[in-house]
Amino acid sequence: METYRLKNIAILILLLLNGCLLLTVGYQKLQSMRTERRAAAQLRELYQASQLTLDGEIDLFQPSLAPLALTRNAVTEQSIASALLGEEAASTSQGGGIYSYETAEGSIQFRAGGSFYGVRLDLPVADIQAFAVDFCRRFGYEKPRLQLENGSGSAAAGQMANGIPVTNCGVELYFEDGRLTNVTGAHVSLEDAAPEPGERMDCITALVKFLDYRSASGVVCSEVKGVRCVYQLQGSAAPRLLPAWEIETDTYAYYVDCSTGEVTGQ
C-alpha cells in the first residue's frame, strides 16, 4: 500500500512539473508574440512619419532563408548544352574551371560560378515559344518572357530554387529568322546544396535598413508594395545562394543583404 501511494505521489509531481513547463513555454511564446506585434506597430508608425506607405497586406513575420553552398553538376551542364545545341554535346576542359560543350551547331561554355554563354549558334527552331517554355520547365526557370516578331527576338527567364526566385541567375535566348543564334545566362544545381549556419535577418529589420537607405541616398518612392525573401547568386569559383530581402516599391525594387545589411537597387 505504501509503495502504491509513493508511485501516485511521484506521478502527481511529474504531472505538476509538466504543467509548469507548459505554462512557462506558453508564457514565453505569448511574450514573444507581444514583442513582435509591438515591433510591427512601431515600424508602421516609423514609415508613416517618413511619409512612406507600407502596404497593409505585407506579412512582416514571414521567415527568412538560410544561405546555401552549391556543388557544380557536370551532368546538368551537359544536359543544358545539349538542349541548346540540338544534340548530345561533348565536353572539353578549357582550364580555369571553364568547360566547353560542342556540336556542329556551335558551342556552349560554362564557368565554375554557374554562368554560361554561346554565340554564333545555328539551331533551327520550329516553334520558338514551345522551345523556350520546355527549356525553362526542364531546367528550373520560371515561365519565359517572350519578345518575338516573325521568328526573331528573345526569351528571358529567371531561375527558381525550390520555388524561391534567384534574382541574378537567369537565361536569355536570342533568335533570328527561326534559329537560335545566341544564349547567355547562369544556372545552379541544387542536388547537393547544403544550408550554411548564420544569423538570419528578419523582415522588420530589413525594412528599417531600407528606410535608413532611403533617407541617406534620396531614393524617390512613396510606397512599399511588397516584401519577400529571395536568393542571390554569388561566388565565381565556389557559388553560393545568399538570402536577401526584396523590397518592391512604386518605382523600383531594392535588395537588403541578409548578412551585411547592404541595400542595393535593381
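Predicted, not measured: the structure shown is a model, and the values here were computed from it.
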Qualifying ring pair (Phe, Tyr, Trp, His ring centres under 6.0 Å) pairs, either residue in residues 142-174, two or more places apart: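 Matches after skipping sequence neighbours: none remain.
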Please list all pairs passing the ring pair (Phe, Tyr, Trp, His ring centres under 6.0 Å) test where one or both residues lie in residues 82-119, with sequence neighbours left out.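 Found Tyr101-Phe110, Phe110-Phe116.
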What is the minimum heavy-atom distance between [X] and [Y], and which atoms define it?
X	Y	answer
Leu242	Pro67	CD2-CB, 3.9 Å
Ile108	Gly118	CD1-CA, 3.9 Å
Val256	Gly261	CG1-O, 4.0 Å
Cys258	Met201	O-CB, 3.7 Å
Gln109	Gln94	NE2-CG, 4.3 Å
Ala161	Leu241	CB-CD1, 3.9 Å

Are [X] and [Y] joined in one hydrophobic group, where the rule is that I, L, V, M, F, W and Y side chains link up if heavy atoms are under 4.5 Å apart?
X	Y	result
Val119	Leu123	no
Phe175	Ile80	yes
Phe139	Val188	no
Trp245	Ile164	no
Val219	Leu207	yes

Output the distance between atom [atom1] ([X]) and atom [atom2] ([Y]), rounded to the nearest 0.5 Å.
X	Y	atom1	atom2	answer
Arg228	Cys203	CZ	SG	13.0 Å
Glu88	Ser79	CD	OG	7.5 Å
Leu65	Gln232	CG	CD	11.5 Å
Tyr231	Leu190	OH	CG	8.5 Å
Phe131	Leu180	CZ	CG	5.5 Å
Lys225	Ile58	NZ	CD1	11.0 Å

Are any non-hydrogen side-chain atoms of [X] and [Y] less than 4.5 angstrom apart?
X	Y	value
Pro144	Val133	yes
Glu191	Thr71	no
Asn73	Asp192	no
Val227	Phe210	no
His187	Tyr141	yes
Glu246	Cys229	no

Please check if atom [atom1] in [X] has more than 12 non-hydrogen atoms from other residues, nucleotides or ligands closer than 6.0 Å.
X	atom1	answer
Gln48	CD	no
Glu176	CD	no
Glu87	CD	yes

Between the side chains of Asp122 and Arg179, is the shortest nitrogen-to-carboxylate-oxygen separation below 4.0 Å, so that they form an ion pair?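 Here Arg179 pairs with Asp122 in a salt bridge, since their nearest N and O are under 4.0 Å apart.
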Quick one: list whatever passes side chain to side chain donor-acceptor pair (under 3.5 Å) with Asp134, sequence neighbours left out.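 Expected list: Arg137.
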Can you name the side chain to side chain donor-acceptor pair (under 3.5 Å) partners of Ser189, sequence neighbours left out?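 Once residues adjacent in sequence are excluded, Ser189 has no partner under the side chain to side chain donor-acceptor pair (under 3.5 Å) criterion.
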Once side-chain hydrogen bond (donor to acceptor under 3.5 Å, both in side chains) is applied, what residue pairs with a partner in residues 144-160 remain, sequence neighbours excluded?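 Only Glu142-Arg145 qualify under side-chain hydrogen bond (donor to acceptor under 3.5 Å, both in side chains).
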Residue list, salt bridge (Lys or Arg N to Asp or Glu O under 4.0 Å) with Arg214, at least two apart or on another chain: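 Result, salt bridge (Lys or Arg N to Asp or Glu O under 4.0 Å) vs Arg214: none returned.
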